[in-house]
Q: 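Okay, handing you the structure first.
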Amino acid sequence: MSTKEAYQQKLEAQLYEWKAEIDKLQAKADKAEADARIEYNRQIKDLKAKREAAVKKLEELKQAGEDAWEGLKAAIESAWQEFGKALKSATSKFK
């Protein structure tokens with residue numbers, strides 16, 4: 001397995017974990033009272049948009065050649081960090 005493939009698998013696993021976290025937050029939002037539910041759903045919508053941006057970066061990585069993918073790594077890491085921070089923030093607000 002190449003370094004690129006290993007990196008891809010790592011990112012795909014992280015995306016899967018993030019989807020599960022978003023699903024948990026959605027379940028909590030569904031149980032919340034009306035006012036809180038509105039805010040929770042707004043945050044979940046934002047998380048889903050950020051996750052979709054991360055998915056697009058992963059697709060770019062998949063399309064990149066073996067030599068070119070290293071150039072995408074910084075942009076991917078940035079998208080991953082942004083999503084991770086947003087998820088952590090939303091999770092802390094849902095408690």
Side-chain angles (χ1 to χ4, degrees):
M1 177 183 309
S2 72
T3 305
K4 177 186 169 192
E5 289 171 333
Y7 187 67
Q8 250 178 255
Q9 286 182 350
K10 174 186 160 192
L11 297 177
E12 288 171 346
Q14 184 67 61
L15 284 171
Y16 181 78
E17 288 177 27
W18 285 342
K19 183 181 181 322
E21 287 297 317
I22 292 172
D23 290 345
K24 286 179 193 176
L25 294 176
Q26 185 66 62
K28 286 183 181 181
D30 291 344
K31 294 178 184 176
E33 293 191 21
D35 291 342
R37 188 177 317 132
I38 291 168
E39 177 60 21
Y40 289 166
N41 284 331
R42 185 193 63 76
Q43 290 180 13
I44 290 168
K45 183 178 177 181
D46 183 54
L47 286 173
K48 287 180 178 180
K50 284 181 174 30
R51 184 181 178 279
E52 187 60 33
V55 168
K56 287 180 182 176
K57 290 293 182 191
L58 178 59
E59 290 303 316
E60 287 177 31
L61 172 70
K62 288 179 179 180
Q63 299 300 319
E66 195 63 37
D67 297 332
W69 77 272
E70 286 284 343
L72 293 171
K73 196 171 180 181
I76 291 168
E77 294 291 328
S78 177
W80 252 244
Q81 286 178 358
E82 182 179 337
F83 183 84
K85 287 177 188 176
L87 181 60
K88 187 175 182 177
S89 175
T91 302
S92 70
K93 291 176 184 176
F94 275 63
K95 290 184 179 184

Q: Could you check if a side-chain atom of Lys48 sits within less than 4.5 angstrom of a side-chain atom of Arg51, using non-hydrogen atoms only?
A: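 With C-beta onward as the side chain, the pair stays apart.
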Q: Taking side-chain hydrogen bond (donor to acceptor under 3.5 Å, both in side chains) as the definition, give me every residue that meets it alongside Lys28, ordered by chain and number, with sequence neighbours left out.
A: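 Lys28 satisfies side-chain hydrogen bond (donor to acceptor under 3.5 Å, both in side chains) with no residue once adjacent residues are dropped.
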Q: Output the distance between atom CG (Leu61) and atom CD (Glu5), rounded to the nearest 0.5 Å.
A: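 Going from the CG atom of Leu61 to the CD atom of Glu5 covers 10.5 Å.
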Q: With a 3.5 Å distance limit and no angle check, can you tell me whether Thr91 reaches the backbone of Leu87 through a side-chain donor-acceptor pair?
A: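 Yes.
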Q: Can you measure from OG (Ser89) to CD (Gln43) and round to the nearest 0.5 angstrom?
A: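 Those atoms lie 6.5 Å apart.
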Q: With sequence neighbours left out, write down each residue that passes salt bridge (Lys or Arg N to Asp or Glu O under 4.0 Å) with Lys73, or none if nothing qualifies.
A: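 So Lys73 forms no salt bridge (Lys or Arg N to Asp or Glu O under 4.0 Å) with any residue.
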Q: So, using side chain to side chain contact (heavy atoms under 4.5 Å, CB included) as the criterion, who are the partners of Ala49 when residues are at least two apart?
A: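 Here no residue qualifies.
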Q: Give me each pair satisfying salt bridge (Lys or Arg N to Asp or Glu O under 4.0 Å) with a member in residues 33-43, each pair once, sequence neighbours excluded.
A: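 Output for this query lists Glu39-Arg42.
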Q: Enumerate, atom names and distances included, each donor-acceptor pair closer than 3.5 Å involving a side-chain atom of residues 6-17, sequence neighbours excluded.
A:
{"unit_1": "Tyr7", "atom_1": "OH", "unit_2": "Glu77", "atom_2": "OE2", "d": "2.3"}
{"unit_1": "Glu12", "atom_1": "OE2", "unit_2": "Lys62", "atom_2": "NZ", "d": "2.9"}

Q: Could you state the interatomic distance from CG (Leu47) to CD (Glu52), rounded to the nearest 0.5 Å?
A: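 Answer for the CG-CD pair, Leu47 versus Glu52, is 13.0 Å.
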Q: Which value, rounded to the nearest 0.5 Å, describes the distance between Glu21 atom CD and Phe83 atom CZ?
A: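 It comes to 9.0 Å.
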Q: Does the pair Glu59 and Lys56 meet the rule for a salt bridge (Lys or Arg N to Asp or Glu O under 4.0 Å), with working shown?
A: CA-CA 5 Å; Glu59 290 303 316; Lys56 287 180 182 176; over 6 Å; no
Q: With Trp80, which residues qualify under ring pair (Phe, Tyr, Trp, His ring centres under 6.0 Å), at least two apart?
A: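 Result, ring pair (Phe, Tyr, Trp, His ring centres under 6.0 Å) vs Trp80: Trp18.
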Q: Test of understanding: with side chain to side chain contact (heavy atoms under 4.5 Å, CB included), list the residues that count as partners of Thr3, not counting sequence neighbours.
A: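 Trp69.
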Q: Listed by chain and number, what are the salt bridge (Lys or Arg N to Asp or Glu O under 4.0 Å) partners of Lys50, not counting sequence neighbours?
A: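 Residues passing salt bridge (Lys or Arg N to Asp or Glu O under 4.0 Å) with Lys50: Asp46, Glu82.
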